[in-house]
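Structure record follows, encoded as structure tokens.
Predicted, not measured: the structure shown is a model, and the values here were computed from it.
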Amino acid sequence: MEFKKEFTAGIIIIGNEILSGRTVDKNTSFIATWLNEKGISVEEVRAIPDKEQVIIDTVNELRNKFAYVFTTGGIGPTHDDITSESISKVFNQKYQYHKEAYKLLENYYKNQDFNEGRKKMAKMPENAKLIPNPKTFAAGFYVENVFVLPGVPSILQVMVPYLDKIIKNGKKILSISIDSALRESVLADGLSEIQNKYKDIDIGSYPYFKDKPGTILVLRSVDEIQIKNCETEVKKLIQLYK
């Protein structure tokens with residue numbers, strides 16, 4: 001299933017804690033599911049460390065390949081939160097306090113110590129546009145086609161809906177899951193023939209081992225008629241081995 005570039009996206013997960021295994025990434029699934037509903041195909045996901053040049057190089061590569069790039073992580077108050085400054089360098093923009101973002105945080109921390117770390121969360125590229133954060137008021141931002149979000153899943157999830165009117169809608173990506181209860185190797189040849197027939201449908205094969213081995217087949221497409229026809233043929237294939 002091929003998508004025009006205008007309906008593609010890449011996701012960059014930034015953080016040493018992800019690469020070390022200390023933190024489990026939940027953001028990719030959430031963002032990808034949301035984008036699928038909008039008809040945007042996630043073509044690539046990268047997990048990278050908190051290293052400035054790696055962030056710059058990766059963002060530059062993906063923003064030229066895809067219509068949209070989403071980064072998560074590295075926009076907090078500590079020394080290793082370097083995503084915002086790195087994005088500033090991607091676009092050759094000054095890294096500075098965003099007046100609105102600063103005011104939001106100043107009001108949020110008015111009865112607390114509004115220290116340098118907290119102020120740091122209002123620093124971003126000079127031409128950045130804000131992504132509201134109704135939970136902790138530390139805004140995300142975007143520049144051109146790069147959207148910079150926090151790494152904490154509960155915060156990211158309340159911010160993403162604010163992008164609904166900014167991200168272009170394509171055709172909704174439909175998905176059908178079929179539990180074959182058969183070994184993957186049994187279905188391999190037949191699935192290849194069906195896939196060759198339905199080139200605009202992604203057919204994924206995912207084996208599992210419960211009481212006995214089986215395979216979940218997942219069909220993905222933007223064409224409702226084609227995916228239904230393909231589903232019928234896949235079910236007929238399965239029945240041959242029952």
Side-chain angles (χ1 to χ4, degrees), residues 1-5 7-13 15 17-47 62 65-70 72 149 151-154 156-158 160-161 163-164 167-242:
M1 183 169 55
E2 294 293 330
F3 286 82
K4 294 180 180 178
K5 182 179 177 181
F7 299 118
T8 61
I11 299 174
I12 304 172
I13 308 300
E17 70 278 8
I18 296 292
L19 295 172
S20 71
R22 289 193 302 272
T23 300
V24 176
D25 168 41
K26 297 179 180 178
N27 292 325
T28 296
S29 176
F30 183 86
I31 295 171
T33 300
W34 170 71
L35 288 172
N36 281 344
E37 289 289 321
K38 297 180 70 63
I40 306 296
S41 174
V42 175
E43 299 287 303
E44 193 168 340
V45 178
R46 302 268 188 97
L62 296 195
K65 287 175 69 175
F66 307 122
Y68 306 105
V69 174
F70 297 84
T72 77
L149 295 160
V152 178
S154 62
L156 177 143
Q157 290 172 17
V158 298
V160 164
L163 301 177
D164 274 334
I167 304 300
K168 187 175 182 178
N169 281 4
K171 292 183 179 180
K172 181 179 177 179
I173 302 171
L174 306 172
S175 180
I176 296 174
S177 296
I178 305 166
D179 188 345
S180 70
L182 295 168
R183 289 181 180 271
E184 195 174 33
S185 56
V186 171
L187 299 166
D189 291 343
L191 283 178
S192 294
E193 292 179 10
I194 295 173
Q195 181 66 89
N196 288 335
K197 182 177 179 180
Y198 294 94
K199 296 186 183 299
D200 291 332
I201 295 177
D202 284 340
I203 303 176
S205 176
Y206 307 100
Y208 63 81
F209 296 89
K210 297 178 182 177
D211 294 332
K212 60 180 182 178
T215 307
I216 300 289
L217 304 174
V218 179
L219 317 181
R220 295 175 70 248
S221 177
V222 297
D223 189 317
E224 186 173 1
I225 294 174
Q226 287 288 299
I227 199 171
K228 286 294 184 182
N229 290 341
C230 184
E231 178 187 18
T232 298
E233 294 204 27
V234 169
K235 287 182 175 179
K236 285 181 180 178
L237 172 66
I238 293 169
Q239 286 303 314
L240 290 177
Y241 299 98
K242 291 294 188 179

Report summary line: Tightest non-hydrogen contact, residues Gly10 and Leu62, listed as CA-CD1, 4.5 Å

Query raised in the report: Is there a side-chain contact between Lys168 and Tyr68, using heavy atoms and a 4.5 Å cut-off?
Result: yes

Report task. Check whether any side-chain N or O of Ser20 sits under 3.5 Å from a backbone N or O of Glu17 as a donor-acceptor pair, and report yes or no. Result -> yes

Query raised in the report: Would a 4.5 Å heavy-atom cut-off, applied to side chains only, mark Lys38 and Asp164 as touching?
Result: yes

Query raised in the report: Within the distance-only criterion (no hydrogens, no angle test), does the side chain of Gln195 pair as donor or acceptor with the backbone N or O of Ile203 below 3.5 angstrom?
Result: yes

Query raised in the report: Checking Ser175 side chain against Arg220 main chain: does a donor-acceptor pair fall under 3.5 Å?
Result: no

Query raised in the report: Do NZ/NE/NH1/NH2 and the carboxylate oxygens of Glu193 and Lys197 come within less than 4.0 Å?
Result: no

Report task. Specify the closest pair of heavy atoms between Val218 and Ser177, including all atoms of both residues, with the distance to one decimal. Result -> CG2-OG, 3.8 Å

Query raised in the report: Just checking, any donor-acceptor pair under 3.5 angstrom between side chains of Ser205 and Glu184?
Result: yes

Query - Distance-only side-chain donor-acceptor flag, Asp179 / Tyr208, under 3.5 Å - result: yes

Report task. Measure across Gly151 and Asn27 and return the closest heavy-atom pair with its distance rounded to 0.1 Å. Result -> O-ND2, 2.9 Å

Query raised in the report: Does Ser180 use its side chain to pair, donor to acceptor, with the backbone of Thr215 at less than 3.5 Å?
Result: yes

Requested in this report: May I have the step-by-step check of salt bridge (charged side-chain N to carboxylate O under 4.0 Å, His left out) for Glu224 and Lys228, ending in yes or no?
Outcome: CA-CA 6 Å; Glu224 186 173 1; Lys228 286 294 184 182; over 6 Å; no

Report task. Write down the atom of Tyr241, the atom of Leu187, and the distance for their closest heavy-atom approach. Result -> CD1-CD2, 4.4 Å

Report task. Answer yes or no: is there a side-chain heavy-atom contact under 4.5 Å between Val42 and Ile31? Result -> no

Query raised in the report: Is there side-chain contact between Leu163 and Phe70, with at least one heavy-atom pair below 4.5 Å?
Result: yes

**Report entry** Note, Asn229 side chain near Glu233 side chain (heavy atom, < 4.5 Å)
**Finding:** no

